[in-house]
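The structure under discussion appears below in the form of structure tokens.
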Amino acid sequence: MIEDFDVTSDWHVAAPYEFLARLRRESPVFRSEHLGAYVLTRYADVRAAYGDPRRFSSKGSLTISRSLTRETREKLGEHGSFLSSFVANVDPPDHTRLRRSVSRAFTPRAVAAMEQQFRRLNEDLLDRLVPRGRADFVTEIGHEPSIKLTARFIGVPEADEAFVQSHVKDWFQLFLSLQPPARQLELAGSFLTYLDYVDRLVAARAKDPKDDFTSLMTSLIGDELTHREVVELISTILLGGNDTVPNQLGNTVLRLLREDAWPVPPPLVANASEECMRIDGASLGSFRYAVTDISLHGVTIPAGALVLLSTDSAAHDESVFPDPDRFRVDRPNAADHMVFGYGIHFCVGAAFGRLQLRTALEVLGHRLPRLRLVPGQEISYRRSIVGRGLPSLPVEW
């Protein structure tokens, strides 16, 4: 019987559901020694915590640097608190100001224009790959269109896309997964190089604005935003486009192929993508800090304690999603998952992410109707504290 979370074990990301179901039944507020945090596992509790920033603070919650060595922290210097002013990592009133600024870039008109760009990027990629008859879905299909779309949105030159992608992977490993001391120092060096790149991009747009997100945010420096806030916003949106969204697409395609649900009929694509996010979310949850002592289900979470809001567990809560481990392409409330968060911290780029997932499924389903897994492969996931993603997924058609 599993007694605690263990981010060094394969089951933590690949198959935690039996463990999480037991926690929901027997220990809905669970003290995890391994994570050094209290874990909320029931849907109602997770949603309530997201909606209560006065008791569950976001300030500093994304900076998962408690596992960094002193040497690594010293190398990072002030950047050890990276994300300290990112929109998902602060409370009101800073959160309100930051979110208002970022929302200017995600108007319905802007999102619709991005859909056409993303469709073309997927079509162009498949024009090159289809004659081969096989590919690694993760490394050759799932990432490139999202990386290119995000780069164009931000204003990253095409020649710099590979540089950004490699450094974003290091960014993720440094802050959101456990690494040995020597590897931490390597990743810290890569991270500082990446921050310097984004800093220079912001400075360049301040001098010579273009029609992109960086220029829009840079124009607000001094009035609504600081230079550091803009650097952190751009850095983190690049993480989503280079990592989180492609991870979700890989998880989604694997689920659909395993369930013999490929290709998804166009009228069902939107709901199918929500059900795949629910059952195989790329995000496993968010951390918060208890502002005060919080009593819940007979457990007192002490002020200052770290709390994991397990959206992964919430998405499998039997009281909200009947028969939660069964994939249902037409599940009526599939979109009630909290992969994008909830309340004031509902992901500002959620429409952008949903658009990419939906559009990719439409194009791939049309162009690769006979898509299938290469037989005999062993499916494994990256090890992570808060993310679910596949390093590889060989497919053929």
Side-chain angles (χ1 to χ4, degrees), residues 1-70 73 81 83 88-89 91 175-180 281-321 324-325 337-339 341-343 345 381-388:
M1 182 184 291
I2 301 165
E3 296 298 334
D4 197 354
F5 290 85
D6 182 0
V7 299
T8 65
S9 297
D10 291 336
W11 69 264
H12 175 83
V13 171
Y17 301 116
E18 203 173 311
F19 172 59
L20 293 172
R22 184 162 61 83
L23 292 186
R24 287 193 301 273
R25 286 192 310 270
E26 301 170 12
S27 187
V29 181
F30 176 72
R31 169 64 188 169
S32 169
E33 296 299 328
H34 187 88
L35 297 179
Y38 289 81
V39 184
L40 303 189
T41 56
R42 290 182 181 171
Y43 186 95
D45 296 332
V46 169
R47 189 167 75 164
Y50 266 120
D52 191 357
R54 285 174 299 182
R55 293 202 303 162
F56 294 91
S57 173
S58 298
K59 193 170 183 181
S61 63
L62 280 182
T63 316
I64 311 301
S65 56
R66 289 170 305 285
S67 61
L68 300 184
T69 64
R70 184 174 56 79
R73 288 173 190 268
S81 62
L83 294 175
N89 208 31
D91 296 324
F175 286 105
L176 299 174
S177 63
L178 298 172
Q179 300 293 335
S283 170
L284 307 183
S286 300
F287 285 96
R288 295 290 186 267
Y289 283 104
V291 176
T292 183
D293 287 358
I294 300 168
S295 293
L296 192 61
H297 302 299
V299 175
T300 298
I301 302 172
L306 189 66
V307 183
L308 173 62
L309 312 185
S310 177
T311 52
D312 202 31
S313 176
H316 290 254
D317 189 325
E318 304 81 353
S319 70
V320 178
F321 305 103
D325 297 333
H337 63 77
M338 290 179 280
V339 165
Y342 181 77
H345 284 291
Y381 291 86
R382 283 188 335 193
R383 291 176 182 176
S384 166
I385 298 173
V386 290
R388 175 178 287 115

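Hydrogens, waters and symmetry mates play no part in the numbers below; they use all other heavy atoms, side chains included. Because the structure is predicted, anything quoted here is derived from the model rather than measured.
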- [ ] Show the numbers, then the answer: is there a side-chain hydrogen bond (donor to acceptor under 3.5 Å, both in side chains) between R288 and S58?
- [x] CA-CA 5 Å; R288 295 290 186 267; S58 298; 3.1 Å; yes
Open item on the list: salt bridge (Lys or Arg N to Asp or Glu O under 4.0 Å), that's the test. Do D52 and R55 meet it? Break it down for me.
Closed with: CA-CA 6 Å; D52 191 357; R55 293 202 303 162; 2.8 Å; yes
TODO: Decide yes or no on side-chain contact (heavy atoms from CB on, under 4.5 Å) for L306 and Y38, but give the supporting numbers first.
DONE: CA-CA 6 Å; L306 189 66; Y38 289 81; over 6 Å; no
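The two residues H316 and Y17 come nearest to each other via the heavy atoms NE2-CE2, 3.1 Å. Y381 and A14 make their closest contact through CD1-CB, 3.6 Å (heavy atoms, listed as atom of the first residue, atom of the second, distance). Nearest heavy-atom pair across A314 and F321 is O-CE1, 3.5 Å. When every heavy atom of S32 is checked against every heavy atom of V39, the shortest pair comes out as CB-CG2, 4.1 Å. Scanning both residues, G285 and L308, for their nearest heavy atoms gives C-CD1, 4.1 Å. Scanning all heavy atoms of the two residues, the minimum distance from F19 to F30 falls at CZ-CE2, 4.3 Å.
By the 4.5 Å heavy-atom criterion applied to side chains, R382 and V13 are not counted as neighbours. Between H337 and T311, the closest side-chain pair of non-hydrogen atoms is not below 4.5 Å. Taking 4.5 Å as the limit, some side-chain heavy atom of D6 sits within range of a side-chain heavy atom of W11. Two residues are said to be in side-chain contact when any heavy atoms from C-beta on lie closer than 4.5 Å; I294 and F56 meet this criterion.
Atom-to-atom distance recorded for H34:NE2 and S9:OG is 7.5 Å, nearest 0.5 angstrom. Between atom OG of residue S57 and atom CZ of residue F287 there is a gap of 14.5 Å, rounded to the nearest 0.5 Å. Separating the CD1 atom in I301 from the CZ atom in R31 is a distance of 10.5 Å, to the nearest 0.5 Å. To the nearest 0.5 Å, atom CG of residue L40 and atom CZ of residue R47 are 14.0 Å apart. A distance of 10.0 Å separates CG in L309 from CG in D45, rounded to the nearest 0.5 Å.
Scanning for salt bridge (charged side-chain N to carboxylate O under 4.0 Å, His left out) contacts around E318 gives R24, with sequence neighbours left out.
Residues S310 and D312 have side chains that never bring a donor and an acceptor to within less than 3.5 angstrom of each other. Donor-acceptor pairing under 3.5 Å is lacking for the side chains of T8 and R383. Side-chain polar atoms of S286 and Y50 form a donor-acceptor pair below 3.5 angstrom. If you check the side chains of D293 and T300, you find no donor sitting under 3.5 Å from an acceptor.
The backbone N or O of P28 sits less than 3.5 Å from a side-chain atom of T41, completing a donor-acceptor pair. D4 contributes a side-chain N or O that, together with a main-chain N or O of E33, makes up a donor-acceptor pair within less than 3.5 Å.
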